[in-house]
Every structure is written in structure tokens, then in C-alpha cells.
Amino acid sequence: MTSMSRARVARRIAAGAAYGGGGAGLVGAAVVGLVLAELRLARRHVGNGGGGRVPAADGVYGHAYDIPGEPPLRLTLLGDSTAAGQGVHRAGQTPGALLASGLAAVAERPVELRNVASPGARSDDLDRQVALVLSSPTPAPDICVIMIGANDVTHRMPPTRSVRHLAAAVRRLRTAGAEVVVGTCPDLGTIEPVQQPLRWLARRASRQLAAAQTIGVVEQGGRTVSLGDLLGPEFEANPRELFGPDNYHPSAEGYATAAMAVLPTVCAALGLWPEEERPDVSRREGFLPVARAAAEAASEAGTEVTAAMPTGPRGPWALLKRRRRRRVPEAEPATPSL
């Protein structure tokens, strides 16, 4: 599917999400069942390596940067098993711990991490997770990172419904004062037990949802980072290195790779990234209609999309950036939150 075609599909899904539609499909109904059967077979392998246990990583990172009287930055993760860190054994290997350590190093300030992500969660669980975050007596997080979408595809959640729940979550968090970064739906075509041609169909469905997610998130004032292509060629080329023992969830190295893609956007959202914000033409960055930007981002790892001009000849526009990845510092043990 071309970028333009993907943009058109993403626009239809996002419009259905915004205006109450629910019938837009990701792939033809005749093949969806086959894709799901293969993906569910793959999911039976989950737990062989990690036993379903998710390491508890909540706490404060970056104590070397303590300044008396200055509170830590507050980082919260929401979403599914990828956000939770299922598949690894140590808290420091989870994406939350890696992001908290990286953010602390860039900001030169401690970071308090809270993770409310739930393995197996779909986008309709974000309402519960957001309520949990906002019901806390502490102030709203400075920044929230959401990773969601894979289970929506494998459980046949209509994409319009999926995007509607995600957009609502972003809106509530932004209204509360938090910056929001969303890692969009990963490429399910890379899961090792899924065979061709169903890998291609799973990849197509994943990228269509990722592009539609981007439109919904950007319209609510959030930013997105594409995980699809990141969890594609790199994971496909190194499945033993980048996938965990269950061949479904990322390994510690895989989570570190994903964290490196998301960290620059997290820092940029907080005004901490030491880069020129103007688009770099040599890196194919620039302003595009939001659907075009979303479609391009879905095909390239680590590509950021954020809102730009509110109107244009083809509707809202967005800024597409390909930020340079920097090494994420190894996460130190956290001091548990009190």
C-alpha cells in the first residue's frame, strides 16, 4: 500500500472515530480471521520466558541530580504489555525505567516513574488507566507515554473505536496539564510464528492503525513516535537478540531500542532536547498534511509527528521529524516511591 493510500485510509478511520462511525476495517474481512488465527497461535508462546510477571519499576531515578527543594519530573507510562515491560526479568530493563533514566540524564533532574500499563490491555482500557493516573492526590504527571494498539488488532477491535479511546485518553491527560507521547501500534508482521502471506497482512493492519492513531493523537495535542518499522526490519533481522524468550515480547535489548526511539520526543515535549526545532530538509523532515505525515511515520522507525499549523489546503498540518537517537543510559535501581 502506498503512502497516499495509507493516508486516505487513516483519514477515514480517524474521521469515523471523531464522528461516531465504527465500520471502517483494517483489512478485508475474509482475511482478518486468518491473520487473527496465526497471531493467536503466536500469543500462546507468551509466558514461556517471563512467566507473565512484569518487574515493578516504579520509583525515583537519577538521584545524582538531586537539588534540595526541587521536585522530580513525573513520568507515567500507560498502555499494554509493551509499556509494562513484559518479557524481561529486571526492573531496569523495562521501557519505563530506561526512559526515566534517560530523561533524568538529559534534564539533569530526578525523574519519578509510575507505570499503570496492563498486559493484554486494549485501547478501551485507557479510560481506566487515565482515571487511575488523574485520581492520584499528587499533581498530574509532567509527561505521559502511551504504548497501545497490538491487542486491538489481534482482538478485532474496530479501528475507529480504538482511535476514539486513544484520542479521549490523550485529551484528558492534556487537559490535566500533562504532555503526551504515544508509541503507535507495533508491526505485528514481525512476530516469528506468523507465516507469509499473513505476515504481510498483519503488517498492513498494524501500519493502518498506527497512521490513524497518529491523526487522533496529534489532533488532541499529543505527539507520536512510530514503533512499527522499528519493531520491523531491526527485529526481523535479529529475532533472537531483539525478541524475548517468548518470541512475542521484546527482549531487554529490544526495549532499549524502543526507548531510544521514544526518548528524544519525550525530551522535546518537555523543551529539553538540544536540537534545532526547524525541519531539516536533508533528513526529509517538514510540514505535511497530518494524514500524509501519519502515513509516512507509520513506515519509518522513530519518526515523530506533532501538530503544526491548524489549517491548510488539505486540513490540519503536522511537523514530521526524524530525530537522532542517542544512547539510553542503563537504568539504575530506583528508589521506591513513598
- Message: Contact between Thr184 and Val225 at the side-chain level, heavy atoms closer than 4.5 Å - yes or no?
- Response: no
- Taking the side chain as every heavy atom from C-beta outward, state whether Asp80 and Pro119 have any pair of such atoms under 4.5 Å apart. no
- Query: Hydrophobic cluster mates of Val170, side-chain heavy atoms under 4.5 angstrom, ILVMFWY only, any path?
  - Reply: Leu78, Val116, Leu126, Val130, Leu132, Val133, Leu134, Ile146, Ile148, Leu166, Leu173, Val180, Val182, Val217
- Item | Step-by-step side chain to side chain contact (heavy atoms under 4.5 Å, CB included) determination, Arg128 to Ser118 | CA-CA 10 Å; Arg128 180 192 65 82; Ser118 178; 3.8 Å; yes
- Message: So if I apply the salt bridge (Lys or Arg N to Asp or Glu O under 4.0 Å) rule between Lys321 and each of Glu300, Glu304, Glu285, which one comes out positive?
- Response: Glu285
- Close side-chain approach of Val181 to Val262, heavy-atom, < 4.5 Å: yes
- Message: Going by salt bridge (charged side-chain N to carboxylate O under 4.0 Å, His left out), name the residues that satisfy it together with Asp66, two or more places apart in sequence or in a different chain.
- Response: none
- Task: Please identify each residue that fulfils salt bridge (charged side-chain N to carboxylate O under 4.0 Å, His left out) with Arg171, with sequence neighbours left out.
- Result: none
- For side chain to side chain contact (heavy atoms under 4.5 Å, CB included), just list the numbers for Thr76 and Leu113, CA-CA rounded to whole Å, side-chain angles, deciding distance to a tenth of an Å, and then say yes or no. CA-CA 6 Å; Thr76 297; Leu113 171 67; over 6 Å; no
- Query: Do Arg109 and Ile67 have side-chain heavy atoms sitting under 4.5 Å apart?
  - Reply: no
- Do Asp152 and Pro159 come close enough that some side-chain heavy atom pair is under 4.5 Å? no
- Residue pair Pro55 / Arg90, side-chain heavy-atom distance below 4.5 Å: no
